[in-house]
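Within every chain, numbering begins at 1; the chains are lettered A, B, ... in the order of the sequence lines, protein sequences first and strands thereafter.
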Number of protein chains: 2
Amino acid sequence: MRSDERRALVLEAATRVFGERGYHGATTDAVAREAGVSQPYVVRMFGGKEAMFLAVLDRAIDRILGAFEADIVALEAEGRAGDEDAVSACLGRSYVDLLGDRGLLLSLMQAFMLGSEPVVGRHAREGFRRVYAYLRERVGLDPDAAQDFLSRGMLLNTVVGLRMVDDYESDENVHELLDELLPTKIDVLLALRGDAT
Amino acid sequence: MRSDERRALVLEAATRVFGERGYHGATTDAVAREAGVSQPYVVRMFGGKEAMFLAVLDRAIDRILGAFEADIVALEAEGRAGDEDAVSACLGRSYVDLLGDRGLLLSLMQAFMLGSEPVVGRHAREGFRRVYAYLRERVGLDPDAAQDFLSRGMLLNTVVGLRMVDDYESDENVHELLDELLPTKIDVLLALRGDAT
DNA sequence: GATAGTTGTAATCGGATGATTACAAGACGG
DNA sequence: CCGTCTTGTAATCATCCGATTACAACTATC
């Protein structure tokens, strides 16, 4: 296997482990086992646990902004890039698709709780600012729409982190909340039930 | 010192530690040092790390619902309990006040990412459902308003977790986002800057 | 003042953790 | 065929983790 392929594999494994166990709780050994390589290897590959987490974080935000950018390009081709409601809806659908990668979203949320960490915290703030600036400057959302979009996203992350879909059938309130939150995409979440990813 | 006072002290210390380091990353020893007691003591006091986290989680949700209940009682006394906008705004202000306890909010968020844990995950889902059911049934919010309220709350948690206020003056976008998110209560967040709590 | 219960700690155990070192197996240019 | 760079692992280290045990100090009740 080529070196960059293996690096990508380890990065995906690290995303899952950091997402489930958090930054402090994740172990380089768990990442190594998940990726099928030795523990010293992942340490040397990234230079340490902290650097590995920064790589996971950067990749997560790159993937989100990459998906958004594809949407914007497509909307521009259709001449609908000025319709703020259409743009928000389109980006929202893309974000829901990203929820399928549980590790990705959870790693992001984990990073968002680390504001007190000197290095990781600064990096996480910078990542969040990148997303906000993208929504305002590239997507063209006004402050109110951008805040609304981000709010909805954070609630989605929470619902995924909690595995709320597991109670979709059994609890009336959960059913109602998820239907309201995901008018057209509930199937994406339901597909995650029982998925140990 | 009385036993229940010391228990409350340990619970507060545990809230701070779990908030900063997450469930897996927190150590009973760190909680003990933070509370000024010995490590075996905190283990025996709660029966183990998991039970201690459940106690932290329950207390956090009780405090939130307690603050909301006080608002509702006050609004009922004024005869304004039917005005959905006034109620939402009032509860929102109470929630922002709770953000002053960084550990409380972060412990909650940490719990919300543990959906895959058999015991803690079920407890966390139940706590979230309690809040949603309270908003719907006691506060009287309709599904859309309840979702909106929760969304805003999750974004607030994220912004606090990231310590975004640290960049309030230095970054134009951050300034704009926080002003929009906290029209009247920005001072509450600004007071948190540099606070190691 | 003896007995029992409560409140707290010191010492310690098996196991895990991040990182370092040393080494093996191949690839590749000369 | 030989030096060297890359890719990977085994062994190991000092440290830390949650939990258990054993024990000390205090309090209350009879």
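Side-chain N/O atoms of B:His123 and B:Glu50 include no donor and acceptor closer than 3.5 Å.
Atoms CZ (A:Arg6) and C1' (C:dG26) sit 14 Å apart, rounded to a whole Å. Taking atom CD of A:Glu5 as the reference point, atom P of D:dT7 lies 12 Å away to the nearest angstrom. As a whole-Å value, the separation of A:Asp29 CG from C:dA19 C1' is 12 Å. If you measure from atom CD of B:Gln39 to atom P of C:dT12, you get 15 Å, rounded to the nearest angstrom. Rounded to an integer number of Å, the gap from CG of B:Asp4 to P of C:dT6 is 15 Å. The distance from atom CE of A:Met45 to atom P of C:dA19 is 15 Å, rounded to the nearest whole Å.
The nucleotide whose nearest atom lies closest to any side-chain atom of B:Val43 is, among D:dA19, C:dT17, C:dT7, D:dA19. For A:Tyr41, taking side-chain heavy atoms from C-beta onward, the closest of the listed nucleotides D:dG8, C:dT20, D:dT21 is D:dG8.
Here the closest heavy-atom approach between residue A:Leu190 and residue A:Val165 is recorded as N-CG1, 4.2 Å. Closest heavy-atom contact between A:Met113 and B:Asn157: CE-O, 4.5 Å. For A:Asp171 against B:Arg129, the heavy-atom pair with the smallest separation is OD2-CD, 3.0 Å.
Taken residue by residue, residues 49-60 of chain A places heavy atoms nearer than 4.0 Å to DNA chain C at A:Lys49.
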Subject >> Secondary-structure notation, DNA chain D, from Watson-Crick and G-U pairs under 3.5 angstrom (| other strand) >> reply: ||||||||||||||||||||||||||||||

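With DNA chain C read from its 5' end, the first of the two nearest nucleotides for A:Pro40 and A:Arg33 is the one closest to A:Arg33. Comparing A:Arg44 and B:His24 by the nucleotide of DNA chain D that holds the closest heavy atom to each, the one mapping nearer the 5' end is A:Arg44.
The neighbour count for A:Glu172 CD, taken as heavy atoms of other residues, nucleotides or ligands under 6.0 Å away, does not exceed 12.
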Original post:
Passes salt bridge (charged side-chain N to carboxylate O under 4.0 Å, His left out), A:Arg122 versus B:Asp167? Steps please.
Top reply: CA-CA 10 Å; A:Arg122 181 173 305 120; B:Asp167 294 350; over 6 Å; no

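Cation-pi geometry between A:Lys49 and A:Tyr23 is met: the NZ or CZ atom falls under 6.0 Å from the ring centre, inside 45° of the normal.
Counting non-hydrogen atoms under 4.0 angstrom, B:Ala26 reaches the backbone sugars and phosphates but no base.
In this structure, the side chain of B:Tyr134 engages the main chain of B:Glu69 through a donor-acceptor pair within 3.5 Å.
For the pair A:Leu104/A:Arg16, no side-chain contact is recorded, criterion being any heavy-atom separation below 4.5 Å from C-beta on.
When the side-chain nitrogen and oxygen atoms of A:Ser38 are compared with OP1 and OP2 of D:dG8, none of them lie within a distance under 4.0 Å.
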